[in-house]
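Inspection log for the structure reproduced underneath, given as C-alpha cells.
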Amino acid sequence: MPDLALADALAPWFRAHARDLPWRRPGFGAWGTLVSEFMLQQTPVARVVPRLAEWLERWPTPTALADDAPAEAVRLWANLGYPRRALWLHRAAVEIRDRHHGVVPRDVDDLLALTGIGDYTARAVAAFAYGDRHPVVDTNTRRVIARAVHGRAQPAPPHRRDLAEMTDLLPPAAPDAAVMNAAAMELGQVICTARTPRCGECPVQHLCAWVAAGRPETPDTRRRQARYEGSDRQARGAVLRLLRDRDPSPVAEDAVLAGWPDRAQRDRAILSLLADGLVEAEGGELRLPR
DNA sequence: CAGTCGTGGCT
DNA sequence: TAGCCAAGACT
C-alpha cells in the first residue's frame, strides 16, 4: 500500500520550482537523456549542461557516436571527470547500434545490459525518457527518504532494497510516478542537501520524520573519499589530460609525466590506463584509443 | 562488500 | 584551509 502523502506534497512544489534543465525539455529524446545521465554520474549539474550541448550537437544519435573513434569521446569529455564513463558511453553506443538497431532500448533489463549502465541510469532512462513507472533512486533520493520517512540525518549505504522502498512511494499512474522520481531528486539537490538542509523552505517539512524528531544527529555510515592529492587517480588524470591535449598526435611514452615526483606511481597510472582501454600504446608512443 | 575511479566548487 | 561533496558503476 503506497504512502502517497510525500508524492502529493512534492508534485505541486516540483511543478512550481523545477529548474529549467535541458533534459526536462519536452521531446529531449532518449539518447539525450542517456548521455545526460552518463555525464551526471558523480558530476554536478552545472558542469554537465554546456558539455552535454556540445556532445549532442556532434553526435545526435547513438550510431553517430558509435561510428566515431573512442578517442573523440574521451577528448570531448574534457574535464567532466571519471573519463572511463566517456569510454563506456561510446561502448554503449556501439551496443545500441549493433543490438538495438540504433534505438535506445526502453526495457530496463536491456538497458542494464549496456556498458556503464547500472540500477540508477537504467531506470532513469526508462522513467524519464519513456515515461515508464520505475523507481529511480540516486543519492539525493536516498537522503530524502532517510530523513522524511525514517527520521535519520543520513541514509544507510546504498542497497538494492532501496528500489522496492521507492516503488512503494510512487503513485500508481506512470506520469505521476515520473514526477515523483524527479521531485525527490530535485528536493535532495536544492533543499534537503547533505550538509546544511534548508528545512524552512521544504515543502514536506510538515510530514518529515526527521524534523518531527528534532533533526537528531545519526551515525554517519557514508564512505569517505580517498585523498586525491598525491593519489594514483591524480597521476592518471595528469596522463590523460596530456594525451587529450595532444590528441590526435601520440606522445612518446618516456615523455609522459617525465617530471612526476613518484616514478612508480607514474608507471602504475599508465599501466592502469592501458588496462582500462583509455590509452593505447604503439611503437613506444601513447595516445587515446582509436 | 569495500576499493577504485576525476575534477572543481563550496563551506 | 582542507575536507566535503557531486543524477554511480564496476571489480
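Chain identifiers are assigned alphabetically (A, B, ...) following the order of the sequence lines, protein sequences preceding nucleic acid strands; residue numbering begins at 1 within each chain.
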**OP:** Go through A:Leu243 and A:Arg287 one step at a time and tell me if the side chain to side chain contact (heavy atoms under 4.5 Å, CB included) criterion holds.
**Re:** CA-CA 6 Å; A:Leu243 296 183; A:Arg287 65 177 189 185; 5.6 Å; no
**OP:** Please state the P separation for the pair B:dG3 and C:dC4 - nearest whole angstrom.
**Re:** 16 Å
**OP:** Report the distance from atom CG of A:Leu40 to atom CG of A:Leu80, rounding to the nearest 0.5 Å.
**Re:** 9.5 Å
**OP:** Assign A:Ala194 to base, sugar-phosphate, or nothing according to its heavy-atom contacts below 4.0 angstrom with the strands shown.
**Re:** sugar-phosphate
**OP:** Could you give the distance separating B:dA2 and C:dA7 at their C1' atoms, to the nearest angstrom?
**Re:** 23 Å
Original post:
Which part of the nucleic acid, if any, lies within reach of A:Arg142 when heavy atoms closer than 4.0 Å are counted: base, sugar-phosphate only, or nothing?
Top reply: nothing
Original post:
Under 6.0 Å between ring centres, would you say that holds for A:Trp59 and A:Trp31?
Top reply: no
Subject >> A:Arg123 and A:Asp132 ion-paired at < 4.0 Å >> reply: no
Original post:
What interatomic distance, in whole Å, is found between C1' of C:dA9 and the corresponding atom of B:dG9?
Top reply: 24 Å
**OP:** Let me have a per-nucleotide readout for nucleotides 1-11 of chain B, 5' to 3', with B, S or -, counting only protein heavy atoms under 4.0 Å.
**Re:** --BBBBBB---
Original post:
NA contact type, A:Gln189, heavy-atom cut-off 4.0 Å: base, sugar-phosphate, or nothing?
Top reply: base
**OP:** Return the 5'-most residue of the pair A:Thr115, A:Leu21 with respect to DNA chain C, ranking by each residue's nearest nucleotide.
**Re:** A:Leu21
Original post:
Are A:Arg246 and A:Glu285 close enough for a salt bridge, meaning some N to O gap below 4.0 Å?
Top reply: no
Original post:
Taking 4.0 angstrom as the limit, do A:Arg236 and A:Asp232 come out as a salt bridge?
Top reply: no
Original post:
Under 4.5 Å between side-chain heavy atoms, hopping through other hydrophobics if needed: is there a path connecting A:Trp13 to A:Met185?
Top reply: no
Subject >> ILVMFWY cluster, A:Val136 and A:Leu21 together (side-chain gap under 4.5 Å) >> reply: no
Subject >> Contact interval (first through last nucleotide) of DNA chain C with protein chain A, 4.0 Å heavy-atom >> reply: C:dG3 to C:dC10
Original post:
Going by side-chain heavy atoms closer than 4.5 Å, which hydrophobic residues are tied to A:Val108, directly or by a chain of links?
Top reply: A:Leu112
Original post:
Base, sugar-phosphate, or nothing for A:Thr193, non-hydrogen atoms under 4.0 angstrom?
Top reply: nothing
